[in-house]
**Q** 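Input: one structure, supplied below.
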Amino acid sequence: MSDVNQIEAAVRTEFGKGAARRTRRDGNVPAVLYGHQAEPQHLSLDAKAFAAILRTHGTNAILNLVVDGKQQLAMTKSVVVHPIRRYIEHADLLIVKRGERVTTDVNVVVTGDAASGTLITQEATTLSIEADALKLPESIEISVEGIEPGTQILAGSIELPAGVTLAGDPEALIVNVIAAPSAAQLDEEGEGTAAEETAESAPESE
C-alpha cells in the first residue's frame, strides 16, 4: 500500500468531552473510524499532520491510517473546526476499499468572466457526486466565460471528470446569471428605501 497521506492513528480508550479536550491538549485530533459493518474505532490523529493533509488534498482526503501497525484506507467524511480558534475539534473517517465508489460533496469553483452587464450568483457551493474513492476530484470547476444574462447552470448540465457521476438532483440550480442592475435602478431603490425610512420615522399626528 502507498505511503501517500500515511498517518499514525492511536486507539482512544477514554471517551466524552473531557477525554476529547485532553486529546486536543496533547496536540491530537479525536476521530471516529467506521463503515463496512465494522465496529466504530475511536482514534486520535496528530493534529498538525492531519491539517497538512487537508490543506493539500481538501476535505475529502484519503488517508492511509496506521492503527496498531496495520494499514487501513479511510476517507475524511466530516471535519468539525472550532468557529473562532479554527483548530480541528473532531473528524469522522469512513473505511474505504480500493476500487470502491463513494458518494460525497465536493466544492464548486466558478471561473471565467460572464458577458458585460451580468451579475453572477452562485446558488450552491457544493455538488454531490459519486466516484472511485481514490480518484475523487478536489473540486468541480464551472466556467461562466462569456455567458449571457438569463443563463442558468443546473447540476445536470455540468461537465464532470471521467469516472465521476452526479449523485444529487440534476435540476438543482448551481449558478444563475442575471442582468446587473443599472446605476439608475440602484438610485431608485436607494431613494425608495430612504423614503420608506423617512415615513417610518415621522411622528404620527394625533
Side-chain angles (χ1 to χ4, degrees), residues 4-5 31-36 50-63 73-83 86 88-190 192-193 196:
V4 174
N5 291 349
V32 177
L33 175 67
Y34 63 94
H36 284 274
F50 185 46
I53 291 172
L54 295 182
R55 281 195 300 271
T56 303
H57 300 282
T59 53
N60 289 322
I62 296 296
L63 307 175
L73 278 177
M75 184 177 77
T76 309
K77 190 64 176 175
S78 69
V79 176
V80 178
V81 177
H82 191 281
R86 307 307 298 168
I88 301 174
E89 292 189 301
H90 183 270
D92 284 337
L93 310 176
L94 181 66
I95 295 171
V96 295
K97 307 290 185 183
R98 289 188 179 277
E100 177 183 2
R101 293 180 68 82
V102 297
T103 299
T104 190
D105 292 341
V106 295
N107 290 328
V108 172
V109 178
V110 177
T111 63
D113 296 314
S116 177
T118 57
L119 183 64
I120 306 297
T121 59
Q122 187 172 342
E123 304 295 333
T125 58
T126 61
L127 193 67
S128 181
I129 62 167
E130 181 185 273
D132 186 313
L134 301 186
K135 298 178 182 178
L136 286 172
E138 292 181 20
S139 61
I140 298 294
E141 288 192 0
I142 300 176
S143 175
V144 296
E145 187 67 36
I147 288 181
E148 297 293 333
T151 302
Q152 291 187 327
I153 300 177
L154 305 181
S157 66
I158 297 172
E159 185 175 351
L160 299 175
V164 177
T165 57
L166 182 68
D169 180 7
E171 298 299 316
L173 178 60
I174 306 300
V175 174
N176 196 18
V177 183
I178 61 175
S182 65
Q185 289 173 322
L186 291 174
D187 286 342
E188 287 177 6
E189 290 180 6
T193 302
E196 289 175 6

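For clarity, every value in this text was computed on a predicted model and none was experimentally measured.
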**Q** Could you check if a side-chain atom of Val144 sits within less than 4.5 angstrom of a side-chain atom of Thr111, using non-hydrogen atoms only?
**A**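 Sidechains of Thr111 and Val144: no contact.
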
**Q** Find out whether Leu154 and Pro170 are in side-chain contact, i.e. whether some heavy atom of one side chain is under 4.5 Å from a heavy atom of the other.
**A**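 Leu154 does not reach Pro170 side chain to side chain.
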
**Q** Taking the side chain as every heavy atom from C-beta outward, state whether Val164 and Glu130 have any pair of such atoms under 4.5 Å apart.
**A**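 No - every pair of side-chain heavy atoms lies 4.5 Å or more apart.
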
**Q** Show the numbers, then the answer: is there a side-chain contact (heavy atoms from CB on, under 4.5 Å) between Met75 and Val102?
**A** CA-CA 9 Å; Met75 184 177 77; Val102 297; 3.8 Å; yes

**Q** Do you know which two heavy atoms are closest between Leu93 and Ala31, and how far apart they sit?
**A**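 Taking every non-hydrogen atom into account, CD1-CB, 4.2 Å.
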
**Q** Passes side-chain contact (heavy atoms from CB on, under 4.5 Å), Leu127 versus Asp105? Steps please.
**A** CA-CA 5 Å; Leu127 193 67; Asp105 292 341; over 6 Å; no

**Q** Regarding Thr104 and Asn60, do their side chains bring together a donor and an acceptor under 3.5 Å, going by distance alone?
**A**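 Yes.
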
**Q** Shortest non-hydrogen contact from Gly99 to Asp132?
**A**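 Closest approach of Gly99 to Asp132, heavy atoms only: CA-OD2, 3.8 Å.
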
**Q** Minimum heavy-atom separation for Ala74 to Leu33, with atom names?
**A**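 Shortest heavy-atom contact: CB-CD1, 3.7 Å.
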
**Q** For Thr121 and Glu123, does a side-chain donor sit closer than 3.5 Å to a side-chain acceptor?
**A**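 Glu123 and Thr121 do have a side-chain donor-acceptor pair below 3.5 Å.
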
**Q** Any heavy-atom pair between the side chains of Ile178 and Ile120 that's under 4.5 Å?
**A**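 Of all side-chain heavy-atom pairs linking Ile178 with Ile120, none is under 4.5 Å.
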
**Q** If you compare all heavy atoms of Pro149 against all heavy atoms of Ala179, which two are closest, and at what distance to 0.1 Å?
**A**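 Scanning both residues, the minimum pair turns out to be CB-N, 3.8 Å.
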
**Q** If you measure only the distance, is there a donor-acceptor pair under 3.5 Å linking the side chains of Asp92 and Ser78?
**A**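 Indeed, the side chains of Asp92 and Ser78 share at least one donor-acceptor pair under 3.5 Å.
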
**Q** With a 4.5 Å limit on heavy-atom distance, are the side chains of His36 and Glu100 in contact?
**A**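 SC-SC contact between His36 and Glu100 confirmed.
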
**Q** Answer yes or no: is there a side-chain heavy-atom contact under 4.5 Å between Ile158 and Ile140?
**A**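 A side-chain contact exists here, since the closest heavy-atom pair is under 4.5 Å.
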
**Q** Rounded to the nearest 0.5 Å, what separation is found between the CG atom of Leu173 and the CD1 atom of Ile153?
**A**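 Answer for the CG-CD1 pair, Leu173 versus Ile153, is 9.0 Å.
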
**Q** Without swapping roles, check the side chain of Glu89 against the backbone of Val80 for a donor-acceptor pair under 3.5 Å.
**A**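 Checking the backbone N and O of Val80 against the side chain of Glu89, no donor-acceptor pair under 3.5 Å is found.
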
**Q** Decide yes or no on side-chain contact (heavy atoms from CB on, under 4.5 Å) for Val106 and Ile129, but give the supporting numbers first.
**A** CA-CA 7 Å; Val106 295; Ile129 62 167; 3.7 Å; yes

**Q** Show the nearest heavy-atom pair for residues Thr126 and Val108, with the distance to one decimal.
**A**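 For Thr126 versus Val108, the nearest heavy atoms are C-CG2, 3.7 Å.
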
**Q** Give, for atom OG1 of Thr56 and atom CG of Asn5, the distance between the pair rounded to the nearest 0.5 Å.
**A**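 Rounded to the nearest 0.5 Å, the OG1-CG separation comes to 8.0 Å.
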
**Q** Any heavy-atom pair between the side chains of Leu134 and Arg98 that's under 4.5 Å?
**A**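 A side-chain contact exists here, since the closest heavy-atom pair is under 4.5 Å.
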
**Q** Hey, are the side chains of Thr76 and Leu54 touching, using non-hydrogen atoms and a 4.5 Å cut-off?
**A**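 Contact flag for Thr76/Leu54 side chains = yes.
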
**Q** For a quick test of reading the model, state the closest non-hydrogen atom pair linking Thr151 to Glu148 and the distance between them.
**A**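 Nearest pair, atom of Thr151 first, then Glu148: OG1-O, 2.8 Å.
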
**Q** Working to the nearest 0.5 angstrom, can you tell me the gap between Leu73 CG and Ile95 CD1?
**A**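 Between atom CG of Leu73 and atom CD1 of Ile95 there are 10.5 Å.
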
**Q** Mark yes when over 12 heavy atoms from residues, nucleotides or ligands other than Glu159 sit less than 6.0 Å from its CD; otherwise mark no.
**A**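 Atom CD in Glu159 is not crowded, with 12 or fewer foreign heavy atoms closer than 6.0 Å.
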
